[in-house]
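Below, chains carry the letters A, B, ... as their sequence lines are ordered, and counting in each starts from 1.
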Amino acid sequence: MKRYNPKEIEPKWQDFWQDKKIYEADDKSNKPKKYILEYFPYPSGATMHVGHVRNYTIGDSIARFNRMSGFNVLHPMGWDAFGLPAENYAIKTGVSPRVAIDENTSHFKKQLIQMGFGYDWSREIDSTKPEYYKWTQWFFLFLFEKGLAYQKQSSQFYCPKDQTVLANEQVENGLCWRCGSKVEKKSLKQWFFKITDYADRLVKDLDDVNWSESIKSMQRNWIGRSVGSEVDFSIDGSEDKIRVYTTRIDTIYGTTFLVVAPEHPILGNIVSNDQKVAVDEYVKQSQIKSEIDRQETNREKTGVFSGSYVVNPLTKAKIPIWIADYVLYGYGTGAIMAVPAHDERDLEFAKKFNIDVIQVIKPSGDNKEEIFTGEGTLINSDKYNDLSSSDAREKITLDLAQNGSAEEKVNYKLRDWLISRQRYWGAPIPIIHCPTDGIVPVPKDHLPVLLPELDKFVPGVDGKSPLASIDSFVNTTCPKCGGSAKRETDTMDGFACSSWYFLRFADPHNDSEAFSRSLADYWLPVDDYIGGAEHAVMHLLYARFWTKVMFDDGLINFTEPFTTLRNQGMILAHDGQKMSKSKNNTVNPDELISQGYGADSIRLMELFIGPWNQSANWSTEGLSGTFRFLQRVWNVTQEYVNSASAHEGEESGDLLKLTHETIKKVTANASNLDFNTSISALMEMVNELYKLKIVDEMDSKSWNVAIPSLLKLLAPFAPHITEELWHDLGNHDSIHISSWPEYDEKYLVSDSMEIVVQVNGKVRAKLTLPTSYDENKIFDEVLSNERVSALIKDQELIKKIYIPGKLVSLVVK
RNA sequence: GGGGAUAUGGCGGAAUCGGUAGACGCGCUAGCUUCAGAAGCUAGUAAACUUAUGUUUGUGGAGGUUCAAGUCCUCUUAUCCCCACCA
């Protein structure tokens, strides 16, 4: 009898699938479509580990299950290959990023194929190839035309190690997201995408997508929509006003001081002569501090009195103006009304500088805290007394709006997306700077602006891209006037490439447009998008933004690119730590495969280890369990194939029931992505088959249903072994394009049922009774049962409950 | 400080509607098989008590609703993730 040897069969079927184009998606099909996508990876030189494998295993299982269930499936793969790792590697070794990336992609691709993932390789894309980035540049121009790409001089996050600016989203706790260096602030002229124009829709449309609550809340948090009011406070003894932003205008009667940010231009008008020295010194100090230091939460409040006062528009009280760096110039109006009784930061400041505290909100319950920041009822607020906080906010804003000194205002924490990078390995920004015409977009028919091959990759001086020193690249002619002009030498952030790649897969070889409208209409949006939570506020936000811009211009017919988002749980090392090369705790599938486990048992383990969306610690010990299971599947199928019996005997009710029950369970679980329980259901089936085999020796013709069903149900998870066994059964086509088995209720019915008997809430007996019995008959049986009647004895039966087919509950006293 | 998630045997985990807690797997124990080991097959495996039939306890903790709670309600604790002086 043939033995199960994954090393032999797996490469064989991988070739077979490629030859037969099993996984190529059909642009013209009568079947309903399903677009399953895993985030296209960055092809690093490192070998992928079992943590990466989980992501692709989940996507592949979904794709295979859908394909067998009758969908026309698009399951593509490509490379997000622009970015710093390849460039830094080039600086270190002199190997061109082009060469390194090509090597890495072929290595990565081999690993994916080795795991048996069924991708449509005819649609493979690479974001660093001119035929791809031509269209990334096209989208830049598209955004530019819409007024959504602009250049601005401003203070920005800058990574001194990577020598480039960073988007706000790419700074994590004051550190560069890529290299972990402490970022600095630099005032530079940079390109931005105006994502803030879409802030409101980016929040609202989250209601319509099927994403996890945690990712949605991360996005909402990041966008930081807040509804409040802007209010003018007029400066005492001056015509000038200071406008503040507050979400708690209901507390305005408690305002005992105003705070403006040190960068605020109003400072010139409000600083009194006797405070000038102190203020100048404070402003100087806060300039030295990086923005990061200023945002340190636990830092003690600092500030200085300006020497001027404002008048509270309602109480007409004179209120001092302070200057303090806990107010950020970049948010709201850069000035606040401080209400120490109802804001923790203001209270801290007031305490330090001995400023009055006036209570104006009464909590509904008892509040023993020193400070109350919640909603309540107004007190000490003149005619607004006794209003609720929310009513008061509306009324006060309305009243002050009468003379134009207040208005409702929505603010966002989200800032525009900084996309220019002073580095080489990215898509060049298709802009020409002309001394006469200024900023001139490269005409679309001149695209792509090719990224030149270099010998040296060291970043240029003065924070300039290495491209700035390539004269042949820089010097060009102005498309408008024909005079000599210079190219923009910054490249685009890699996240620009990934903001539209999911559209390219619908039409990957189109050389006249980024994608055809009809193919985008057919394939998009992505039905299932599988990836890690690390994309929560970067890629996912950017891609949603681009999608909305395209929709507004009529390029596509949908507003959200990813209908359902699946964030797989991380696979951790044995000890619960993150797997990483530096910790030397990675487990690589290559090694496991060479140890003889095979891709199938690894894939099975990735799914069986726990719910797909929860993290789990890798267990190579546990892997022997899934391997053993596959061996049992192998053995029982081989025995069926080689059995002396012709499998023409009587139908077996037990075998059919087992088979149909398993089909029902696996189908339900797999539709719900509960792959771990799908696999346990299959294990149960195989365990039962082993027992039945002994009784029946495979004579029954019902084996002809059981074995093929088992293989099909297992196929999405373990594609190689099922393909081999499927062919052993005499089939010639791939099992992966066979149809998913269906169950028939008629095989599930049974003529007996087990009734659990509870007495006063405790299980006391289990009775096997005919299903034909009605409620009365069942109570008769239960009450006449020896054990039950002994328990009840002469106690009074107060209540009896019957749950059909399941349980009888008796209450006695 | 704000938001999100999680908590069940030695371990990973399972449990449509509230209805037998611990499926399935790892590990462990015993038997068969084997020169031996490995592998395989069969059985057992929440805890305590019990010769046994059994009894009691048990899903982070405390209350509550119910004939019945891992599941529903109130409060609470711990861990993880994200954001964080955004007014």
Look at A:Glu407 together with A:Arg243 and state whether they make a salt bridge at an N to O cut-off of under 4.0 Å. yes

With respect to the phosphate group of B:U57, does any side-chain polar atom (N or O) of A:Lys762 fall under 4.0 Å of OP1 or OP2? yes

Taking ring pair (Phe, Tyr, Trp, His ring centres under 6.0 Å) as the definition, give me every residue that meets it alongside A:Phe495, ordered by chain and number, with sequence neighbours left out. A:Trp177, A:Tyr542

Going by the angle between their ring planes, with limits at 30° and 60°, are A:Phe349 and A:Phe257 parallel, tilted or perpendicular? parallel

Sub-3.5 Å pairs of nitrogen or oxygen atoms, protein against nucleotides 66-70 of chain B:
{"from": "B:C67", "atom 1": "OP1", "to": "A:Lys799", "atom 2": "NZ", "distance (Å)": "2.8"}
{"from": "B:C67", "atom 1": "O2", "to": "A:Ser809", "atom 2": "OG", "distance (Å)": "2.6"}

Starting from P on B:A87, measure out to CZ on A:Arg225 and report it in whole angstrom. 12 Å

Look only at the side chain of A:Asp416 and the backbone of A:Thr196, and say whether a donor-acceptor pair between them is shorter than 3.5 Å. yes

Pick out the pairs of N or O atoms, protein on one side and nucleotides 22-25 of chain B on the other, that lie under 3.5 Å.
{"from": "B:A23", "atom 1": "O2'", "to": "A:Glu684", "atom 2": "OE1", "distance (Å)": "3.2"}
{"from": "B:G25", "atom 1": "OP1", "to": "A:Asn687", "atom 2": "ND2", "distance (Å)": "3.2"}

For A:Arg764 and B:U53, what is the distance between atoms CZ and C1' respectively, to the nearest whole Å? 14 Å

Mind checking A:Glu754 for me? I need base, sugar-phosphate or nothing, with any heavy atom below 4.0 Å counting as a touch. base

Can we say A:Lys691 and A:Asp696 salt-bridge, meaning some charged N sits less than 4.0 Å from an Asp/Glu carboxylate O? no

Between B:C85, B:A87, B:A14, which nucleotide has the shortest distance from any of its atoms to the side chain of A:Asp343? B:A87

Whole angstrom is fine here: how far is it from CE in A:Met538 over to C1' in B:C82? 12 Å

side-chain contact (heavy atoms from CB on, under 4.5 Å) against A:Glu621, all qualifying residues, sequence neighbours excluded: A:Ser619

Between P on B:G12 and CG on A:Asp674, what's the gap in Å once rounded to a whole number? 19 Å

Would you find a donor on one side and an acceptor on the other, under 3.5 Å apart, between the side chain of A:Arg393 and the backbone of A:Ile249? no

Just label B:C17 as syn or anti from its O4'-C1'-N9-C4 or O4'-C1'-N1-C2 angle, using within 90° of 0 for syn. syn

Electrostatic pair A:Arg248:A:Asp343 at N-O distance under 4.0 angstrom: no

So, is A:Tyr331 near the phosphate of B:A87, with a side-chain N or O under 4.0 Å from OP1 or OP2? yes

In this structure, how many angstroms lie between the P atom of B:G13 and the CZ atom of A:Phe675, rounded? 17 Å

Treat primed atoms plus P, OP1 and OP2 as sugar-phosphate and everything else as base, then score nucleotides 2-10 of chain B 5' to 3': B for base contact with protein heavy atoms under 4.0 Å, S for sugar-phosphate contact only, - for none. BSSS-----

Neighbour count above 12 (heavy atom, 6.0 Å) for A:Lys352 NZ: yes

Could you state the atom-to-atom distance from CD of A:Glu606 to P of B:G13 in whole Å? 14 Å

Want to know the stems of RNA chain B: at least 3 consecutive Watson-Crick or G-U pairs with distances under 3.5 Å, which are they? B:1-7 with B:77-83, B:10-12 with B:24-26, B:27-32 with B:40-45, B:46-49 with B:54-57, B:60-64 with B:72-76

Atom pair distance, as rounded to whole Å: CZ in A:Phe629 and P in B:C41: 13 Å

